[in-house]
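Here the structure is laid out as C-alpha cells; the discussion comes afterwards.
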Amino acid sequence: MPFTLATWNINSVRLRAGLVQKLLCDEAPDVLCLQECKSPVENIPFELFAEMGYGYWAARGQKGYNGVAILSRLPLQDAGHIDWCGKGDARHVAATLENGVTIHNCYVPAGGDVADRTVNEKFGHKLDTLTEMRDHFRANLPEKSILVGDLNIAPREDDVWSHKQLLKVVSHTPIEVEHLGNAQEAGGWVDVTRADIPEGLLYSWWSYRARDWDAADKGRRLDHIWASGDIAAAGHGSRVLRAARGWEKPSDHAPVFATFDL
DNA sequence: ATGGTCGAGGATCGA
C-alpha cells in the first residue's frame, strides 16, 4: 500500500494548530512529521488532529523549545527517541508503521550565527549532533526506514539561492555539509527528494526577515526526506508545498512530501 | 555592512 509522508517545521504547533489542520485537510498525507512544536507533549492539541482522522501519534516535547511529533492516520508504535549529545533536548522521535517501516523524525540544532565552534558552542553542538547521528546509524544500520526533518543544512549548491554568498553562512558551510554527508553515508541513507528532483533550485525555508520572501526567493533546502537503501526506490512524488509559506501567519518552513509504494 | 522578523513567555534567548 502506498503511503504519503510529509515533514514540516511548524514553529509552534499550538499557535499554528489551524495550519496543521489545513495541511491535513488540503493535502491528506498519511503521516505528518512536525518539528519545533515548542510545547510539552501534554499541551499539544492532538484531539484536533484525531477529529480529522489522525488518531495516532508519537511525540517528544519540552517547554518553549524544540519538540518533534509524528501524526498519522495509519496505526503506529512509538519506537523511542535518541537524546543526541545528552542534553535532554526533544530533537528526535521514532515510530514504526504496521508495514514495518520505521520513521525517524529529527530536528538538528540550527547552530547559531558564527560558523566556528571555538567561539560559538551552538555550532559545536550542531556538528556533534551530526557526528552522533553518524555513529548511531553506522552501529544500527537502518532497514525499512525513513529519516525526515529539519536538518538545518542545505547541502547542495542548488539547495540555496546563492552558493557563493552562503559558503560562510551557517547552514551551508563545507564543514556542515561534510558532517551531514557523513551521517547520511553511514546509514546508507538516500536523499529521496533529490533522487526524485535531481535538477534545479529547490528550497523549503525562507527567512521571516525578507521584505517579500516570495519575490526575493532567497530560500534554502533545510528540510529533508531520506530513506534506507532497501526502500529508497519505492519513493516518488517528491514536492515542496511552497504555497504554505504564504499562508496566514505562516511558519518560515514549507512542508516537504514524498510517497512510498510499499 | 547592517538589519531585517518571528515565538515563547514575560527579560531575553533561540531561530
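By convention in this document, chain letters (A, B, ...) are assigned in the order of the sequence lines, proteins followed by strands, and residues within each chain are numbered from 1.
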Reckon A/R91 touches a base, only the sugar-phosphate, or nothing at all at heavy-atom distances under 4.0 Å?
sugar-phosphate

Can you tell me, in whole Å, how much space there is between the C1' of B/dA11 and that of B/dG7?
14 Å

Under 3.5 Å donor-acceptor, A/R91 side chain and A/Y107 backbone
yes

Return the 5'-most residue of the pair A/S12, A/N9 with respect to DNA chain B, ranking by each residue's nearest nucleotide.
A/S12

Measuring only the P atom in each nucleotide, how far is B/dG14 from B/dG10? A whole number of Å is fine.
15 Å

With rounding to whole Å, what would you report as the distance between B/dG9 and B/dC13 at their C1' atoms?
11 Å

With side chain to side chain donor-acceptor pair (under 3.5 Å) as the rule and sequence neighbours excluded, what pairs involving residues 39-54 of chain A come up?
A/R14-A/S39

Which residue lies more 5' along DNA chain B, comparing A/R16 with A/G112 via nearest heavy atoms
A/R16

Any donor-acceptor N/O pair, A/D196 side chain to A/S238 backbone, under 3.5 Å
yes

Using 0.5 Å steps for rounding, measure from the CG atom of A/L147 to the CH2 atom of A/W189.
5.0 Å

Taking any atom under 4.0 angstrom from a heavy atom of chain A, which nucleotides of DNA chain B are the first and last to qualify, 5' to 3'?
B/dG4 to B/dA15

NZ/NE/NH1/NH2 to OD/OE distance under 4.0 Å, A/R239 and A/E27
yes

Scan residues 202-211 of chain A against DNA chain B and write down, sorted by residue number, each residue with any heavy atom closer than 4.0 Å; if none is found, say none.
A/Y208, A/R209

Axial cation check for A/W213 ring with A/K218, 6.0 Å and 45° limits
no

When the P atoms of B/dA15 and B/dT2 are compared, how many Å lie between them, rounded to an integer?
23 Å

Taking the cut-offs as 6.0 angstrom to the six-membered ring centre and 45 degrees off its axis, would you call A/R221 and A/W205 a cation-pi pair?
no

Return yes if some donor-acceptor pair links the side-chain N/O of A/N105 with the main-chain N/O of A/C33 below 3.5 Å, else return no.
no

Lys/Arg N to Asp/Glu carboxylate O, A/D116 vs A/K168, below 4.0 Å
no

Does A/K218 reach a base, just sugar-phosphate, or nothing at all? Heavy atoms under 4.0 Å.
nothing

